[in-house]
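Worksheet: the structure to be examined is printed underneath.
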Amino acid sequence: MKQTIFERYGGFANVSRVVSSFYNKILDSSITAPYFAHTHMKRLIDHQTKFIASIMGGPASFTNDYLEKVHERLNISEEAFMEAAYLLGETLEDFNFEDEDIRLVKQEFVNRKNHIVKRG
Ligand code: HEM
């Protein structure tokens with residue numbers, strides 16, 4: 001059987017390292033960092049690990065309704081969303097993901113945009 005991206009890159013053990021690195025980038029960017037000023041990073045890293053796992057075809061997933069609910073009060077701009085997408089791609093490159101896999105994971109991320117970015 002064909003392995004998922006999640007399985008091919010080492011499952012949760014490796015994905016949690018990828019997520020930590022991604023979040024360091026997010027906190028280093030002046031475009032995305034302000035949104036996380038009051039966030040418990042450990043808790044968020046835990047959630048994002050599950051999320052990244054799910055967009056790579058691993059276990060665990062978040063429904064679009066849930067994503068809307070947790071982000072609606074945050075007023076996340078399109079610019080911040082796209083910066084996060086760019087930083088995610090950069091992170092996967094750092095971890096030597098193959099180009100096609102990076103494209104697929106970024107696509108899954110961008111597919112959720114309308115549930116994350118502020119409306120109107
Ligand atoms: C596809 C993209 C994204 C997904 C799947 C996602 C997923 C999540 C999830 C699952 C949570 C809930 C954590 C919890 O229950 O405690 C969360 C919270 C949050 N997300 Fe996202 N997120 C995405 C994009 C973004 C972006 C682009 C930003 C900002 C630039 C952002 C900022 C936040 C913040 C500030 C929280 C709240 C943390 C807190 O509890 O204080 N998210 N996100």
Side-chain angles (χ1 to χ4, degrees):
M1 207 175 79
K2 198 173 174 294
Q3 281 189 313
T4 62
I5 295 178
F6 178 73
E7 287 162 342
R8 280 194 286 113
Y9 289 94
F12 275 114
N14 195 47
V15 168
S16 62
R17 292 168 53 226
V18 173
V19 172
S20 296
S21 168
F22 175 45
Y23 267 86
N24 286 333
K25 286 183 194 287
I26 292 265
L27 293 180
D28 279 346
S29 162
S30 59
I31 300 172
T32 47
Y35 293 97
F36 296 91
H38 303 291
T39 299
H40 284 283
M41 291 311 294
K42 198 172 169 300
R43 199 180 102 199
L44 196 59
I45 283 179
D46 197 51
H47 277 85
Q48 294 296 87
T49 303
K50 291 181 194 147
F51 165 68
I52 296 288
S54 75
I55 63 177
M56 290 183 190
S61 65
F62 295 102
T63 65
N64 291 335
D65 281 351
Y66 178 73
L67 291 179
E68 265 177 43
K69 210 170 113 216
V70 296
H71 295 94
E72 66 186 355
R73 283 182 299 277
L74 298 171
N75 283 328
I76 295 170
S77 67
E78 168 124 17
E79 184 192 22
F81 185 89
M82 294 319 291
E83 171 81 351
Y86 171 77
L87 294 173
L88 176 61
E90 214 180 56
T91 307
L92 299 177
E93 279 173 25
D94 291 348
F95 281 83
N96 298 319
F97 278 55
E98 284 169 30
D99 290 348
E100 175 63 6
D101 293 333
I102 295 176
R103 197 184 63 72
L104 290 169
V105 172
K106 277 178 81 169
Q107 188 60 53
E108 287 293 324
F109 187 87
V110 170
N111 283 349
R112 276 124 174 122
K113 188 173 93 168
N114 290 344
H115 305 289
I116 308 286
V117 169
K118 69 167 183 257
R119 291 162 200 229

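Atoms within each ligand, like the ligands themselves, are counted from 1 in listed order.
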Please enumerate all residues that pass ring-ring contact (aromatic ring centres under 6.0 Å, His included) together with Tyr66, with sequence neighbours excluded.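 Only Phe62 meet the ring-ring contact (aromatic ring centres under 6.0 Å, His included) criterion with Tyr66.
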
Heavy atoms only: give me the nearest Thr91-Val18 pair and the separation to one decimal.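 The pair with the smallest heavy-atom distance is CG2-O, 3.4 Å.
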
Among residues two or more places apart or on two chains, list those pairs meeting salt bridge (charged side-chain N to carboxylate O under 4.0 Å, His left out) that have a residue in residues 52-70. Glu68-Arg119

Under the salt bridge (charged side-chain N to carboxylate O under 4.0 Å, His left out) rule, what pairs show up with a residue in residues 10-26, not counting sequence neighbours?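 Every salt bridge (charged side-chain N to carboxylate O under 4.0 Å, His left out) pair that includes a residue of residues 10-26, provided the two are not neighbours, is Lys25-Glu90, Lys25-Asp94.
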
Within a 6.0 Å radius of atom CG on Asn14, are there more than 12 heavy atoms belonging to other residues, nucleotides or ligands?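 Yes, the 6.0 Å shell around CG holds more than 12 heavy atoms from other groups.
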
Check whether more than 12 heavy atoms from other residues, nucleotides or ligands sit under 6.0 Å from atom CZ of Phe95, and answer yes or no. yes

What short N/O contacts, under 3.5 Å, does ligand 1 make with the protein, listed by atom pair and distance?
{"residue": "ligand 1", "atom": "15 (O)", "partner": "His47", "partner atom": "NE2", "Å": "3.2"}
{"residue": "ligand 1", "atom": "15 (O)", "partner": "Tyr66", "partner atom": "OH", "Å": "2.6"}
{"residue": "ligand 1", "atom": "16 (O)", "partner": "Arg43", "partner atom": "NE", "Å": "3.2"}
{"residue": "ligand 1", "atom": "16 (O)", "partner": "Arg43", "partner atom": "NH2", "Å": "2.8"}
{"residue": "ligand 1", "atom": "20 (N)", "partner": "His71", "partner atom": "NE2", "Å": "2.9"}
{"residue": "ligand 1", "atom": "22 (N)", "partner": "His71", "partner atom": "NE2", "Å": "2.8"}
{"residue": "ligand 1", "atom": "40 (O)", "partner": "Arg43", "partner atom": "NH2", "Å": "3.3"}
{"residue": "ligand 1", "atom": "41 (O)", "partner": "Thr39", "partner atom": "OG1", "Å": "3.1"}
{"residue": "ligand 1", "atom": "42 (N)", "partner": "His71", "partner atom": "NE2", "Å": "3.0"}
{"residue": "ligand 1", "atom": "43 (N)", "partner": "His71", "partner atom": "NE2", "Å": "2.7"}

